[in-house]
Amino acid sequence: MHPSFNLCSAIDSQLSNLSVGLEGFGPDFEPQTRVADERFGDFQANGALPHAKKTGQNPRVLAQRLVDALPPSNDWKVDLSGPGFINFSASPELLLQWGLSHGSENELNKSAKTGNAKVIAVDFSSPNTAKQMHVGHIRSTLIGECISRMLTFRGHKVIRDNHLGDWGTQFGILLLAIEEEKVSLDDLGDDPVARLEDLYRLGNSRIKESEVALSKARAHLVKLQDGDPYSLSLWEKIRDLSMESFEQIYRLLGANFDHALGESFYRDKVDLVYEALSRHQICQEDDGALVVFHPDHKRFAKQPFIIRKSDGASNYATTDLATLSFRQAEWKCDQIIYVTDGRQRDHFEQLFLTARKWFQAEGRELPELSHVWFGTILGEDNKAIKTRDGQPIKLIDLLEEAIRRAGVMVRQKNSEIPNNEVERRAKIIGLGAVRYADLSQDRTLDYVFSWDKLLAMQGNTAPYLQYAVARIFSIFRKLNRDPSQPTQSPRPPQTEAERKLARKLLLFPMALDQATRELKPHFLCTYLYELATEFSSFYNQDKVMVDEVKTQELRLQLCSQTLHTLKTGLFLLGIETLEEM
């Protein structure tokens, strides 16, 4: 026996097949199996109710027909409740067999592969060059990396793209300041990007005060856009310095990219966008600008989507359309996911509407487009988090502070640990805490950043989950056993604590499915926290090191499976684990 990875889907499939030819059912019947309230069973199929309502039938009679059609099975106890809910309770033998079949990280990964793999581009992080990454960039980076990992785990081909803001008006201003201050880009000090940001602020203040400075900045921009070799060499140096700064943060966060194709990459492709939208009469001139209206859309009927400004310059809309077209044509994407803050919802809704009309006019297949938007990180005053002087918090400062605070925790717990080991643990605990504090929130909501909460050893935090992993490792050390080695002839779960933990382990695929389907990592976080809590209850109620061999082997099997499930889930979140805390 090798039970299906996702038992919800397996039940759905079986009921769908059984319904074919049964009286009262048709091809549009959906079983709608979900995780059940534990009082009623492990899974519940409630599709008979909406189908009966739609077809004017008795839902309980319909559900009973399905139950009667189910072949005898030792895997499930099946019963009918309420107006037509079909409840499935897994047998102890099925719980054991599922655990044995999916008890390692490798087996979980193999079983999780979808039969419908797609090519999916994930567009995330996307900082502006010549500027330091601040705390506002962390959500896009963490959410985008987590989504990429989950989709890859499910078997999709994921293309990670860091769509940098590396072109446009700001570079004319920056080149002006570099010229006037006679700055060498080879001598910008210990923090070159911070110096570049200061130069930009200086240039920006000058163009606001002087028309002459504004004209000079525009002239620098024109030279850059026209391909002036000296201007381009400065721009390339700025971009390289910026990428070095970004990579330092990405290494800390475990974020990886296949491409960093910024706006500059598409600068020679925007004319194709103007030409195509004009040819298909999707855009029109309005006060000298080229815009798209969507009269078929209530909110955007009169709100223009500007694709070329009145001065002839391109903008985000232009490059985003060019980017979308490139990804479809060159990467053959089935889906494109954009991870940005919620303030850009209107932009992406108009972008998707415009792209749909463009692709339809040309008979091109439009990829599935998903805007994964998120809320704001708040300080404890419930306002956007900032430094005491009102400036955005540098992301590197936040991460280094997390490591410092975690180091204090590690040293307080064990003062005899060598310094290099303190540093290693502090990095894993501190960065994991920051990452989990973000990903465990529903991404569409704002959340309050609190050092005390995110580093707490109790509650829904990364340190609590990391401690659960370390505690399981300690169990195996005491027995001189390897948690990756299979157990020998364990018996099926019998006690209440054994069954509850085995049941929770069975539900990992459903949590992963929901997190991946809705592109919301917090569903996975919630599951991992509940699993760690269930393990703690099991550990407190049922002694692992007992004399009865089959009982000990089962409990070690549950410990091992919990360990591998926690490690797998935390890896998908981008969080490392420790064998000792």
Side-chain angles (χ1 to χ4, degrees), residues 126-134 136-137 164-246 262-268 270-271 274 285-291 304 306-320 343-344 347 384 386-394:
S126 307
N128 292 321
T129 55
K131 292 184 179 180
Q132 300 171 94
M133 290 181 73
H134 56 76
H137 291 106
L164 300 168
D166 64 351
W167 198 249
T169 305
Q170 69 268 31
F171 286 97
I173 298 170
L174 183 56
L175 293 177
L176 166 72
I178 290 170
E179 179 188 61
E180 293 194 343
E181 294 298 304
K182 298 179 173 57
V183 171
S184 168
L185 295 185
D186 293 319
D187 187 24
L188 292 173
D190 296 335
D191 193 344
V193 179
R195 176 66 173 132
L196 289 171
E197 198 166 353
D198 288 340
L199 285 166
Y200 172 76
R201 289 196 194 98
L202 180 64
N204 203 37
S205 65
R206 287 182 180 170
I207 67 167
K208 289 178 180 177
E209 296 168 359
S210 165
E211 285 292 330
V212 173
L214 179 60
S215 296
K216 286 183 178 179
R218 286 173 176 164
H220 277 292
L221 180 61
V222 170
K223 287 174 69 177
L224 177 62
Q225 291 176 336
D226 287 345
D228 173 65
Y230 177 67
S231 301
L232 277 175
S233 69
L234 292 177
W235 172 81
E236 287 170 356
K237 180 69 174 177
I238 291 166
R239 194 181 191 278
D240 290 344
L241 290 170
S242 301
M243 287 304 300
E244 288 173 16
S245 171
F246 300 157
E263 293 165 20
S264 63
F265 180 79
Y266 301 97
R267 63 183 184 269
D268 62 350
V270 294
D271 286 341
Y274 305 142
E285 282 205 19
D286 187 70
D287 289 335
L290 207 56
V291 305
I306 302 172
I307 60 168
R308 188 176 65 203
K309 295 187 283 188
S310 57
D311 62 3
S314 61
N315 60 5
Y316 290 131
T318 330
T319 51
D320 280 350
R343 291 171 296 180
Q344 298 186 46
H347 168 78
K386 294 184 183 295
T387 61
R388 289 182 180 177
D389 60 359
Q391 296 300 312
I393 295 174
K394 295 178 185 177

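Note that this is a predicted model, so its numbers are computed, not measured. Residues take their numbers from the sequence shown, with the count starting at 1.
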- Does the side chain of T129 reach to within under 4.5 Å of the side chain of F246, using non-hydrogen atoms? yes
- Task: Side-chain contact test, heavy atoms from C-beta onward, threshold under 4.5 Å: evaluate it for Y274 versus S314 and give yes or no.
- Result: yes
- Query: Considering all heavy atoms of both residues, which atom of S310 and which atom of D287 are nearest to each other, and what is their separation?
  - Reply: CB-O, 3.7 Å
- From CD1 (I178) to CD1 (I238), nearest 0.5 Å: 4.0 Å
- Note on the structure: Between the CH2 atom in W167 and the CG atom in L224, the distance rounded to the nearest 0.5 Å is 3.5 Å
- Task: Would you please name every residue forming a side chain to side chain contact (heavy atoms under 4.5 Å, CB included) with D187, sequence neighbours left out?
- Result: S184
- At what distance, to the nearest 0.5 angstrom, does CG of L175 lie from CG of L199? 10.5 Å
- By side chain to side chain donor-acceptor pair (under 3.5 Å), which residues pair with E181, not counting sequence neighbours? R206
- Distance col, row T169:OG1 vs D311:CG, nearest 0.5 angstrom, shows 7.5 Å
- Message: Among residues at least two apart in sequence or on other chains, which ones pass side chain to side chain contact (heavy atoms under 4.5 Å, CB included) with Q391?
- Response: T387, D389
- With side chains defined as the heavy atoms from C-beta onward, is the minimum distance between L196 and L185 less than 4.5 Å? yes
- Message: Quick test of your reading: applying salt bridge (Lys or Arg N to Asp or Glu O under 4.0 Å), list the pairs with at least one residue in residues 236-246, sequence neighbours left out, ordered by first then second residue.
- Response: D166-R239, D186-K237
- With side chains defined as the heavy atoms from C-beta onward, is the minimum distance between P192 and R195 less than 4.5 Å? no
- Message: What's the separation between atom CG in L214 and atom CG in N204, rounded to the nearest 0.5 Å?
- Response: 10.0 Å
- Item | Minimum heavy-atom distance Q170-G165, with the two atoms named | NE2-O, 4.0 Å
- Message: Show every side-chain hydrogen bond (donor to acceptor under 3.5 Å, both in side chains) that has at least one partner inside residues 207-220, sequence neighbours left out.
- Response: E179-H220
- Query: Of all heavy-atom pairs between A217 and L176, which one has the smallest distance, and what is that distance?
  - Reply: CB-CD2, 4.1 Å
- For S245 against V193, the heavy-atom pair lying closest together: CB-CG2, 3.6 Å
- Task: Would you please name every residue forming a side chain to side chain contact (heavy atoms under 4.5 Å, CB included) with A384, sequence neighbours left out?
- Result: T376
- Does the side chain of L164 reach to within under 4.5 Å of the side chain of M243, using non-hydrogen atoms? yes
- Task: Using ring pair (Phe, Tyr, Trp, His ring centres under 6.0 Å) as the criterion, list what pairs up with Y200, not counting sequence neighbours.
- Result: none
- Message: Quick check for you: to the nearest 0.5 Å, what is the distance between F171 atom CZ and N128 atom CG?
- Response: 8.0 Å
- Grab the two heavy atoms, one from L174 and one from A130, that are nearest each other, plus how far apart they are. CD2-CB, 3.6 Å
- Note on the structure: Looking only at heavy atoms, the pair that brings H137 and M133 closest together is ND1-CA, 3.5 Å
- Message: Under the criterion side chain to side chain contact (heavy atoms under 4.5 Å, CB included), I'd like the reasoning laid out for I393 against H134: C-alpha separation, chi angles, the key distance, then a yes or no.
- Response: CA-CA 5 Å; I393 295 174; H134 56 76; over 6 Å; no
- Query: Under the side chain to side chain donor-acceptor pair (under 3.5 Å) test, which residues partner Q225, sequence neighbours left out?
  - Reply: none
- Item | Qualifying residues under side chain to side chain donor-acceptor pair (under 3.5 Å), relative to T318, sequence neighbours excluded | N315
- Query: Any salt bridge (Lys or Arg N to Asp or Glu O under 4.0 Å) pairs touching residues 222-233, not counting sequence neighbours?
  - Reply: none
- List for me each residue that meets salt bridge (charged side-chain N to carboxylate O under 4.0 Å, His left out) alongside E197, sequence neighbours excluded, and say none if there are none. R201
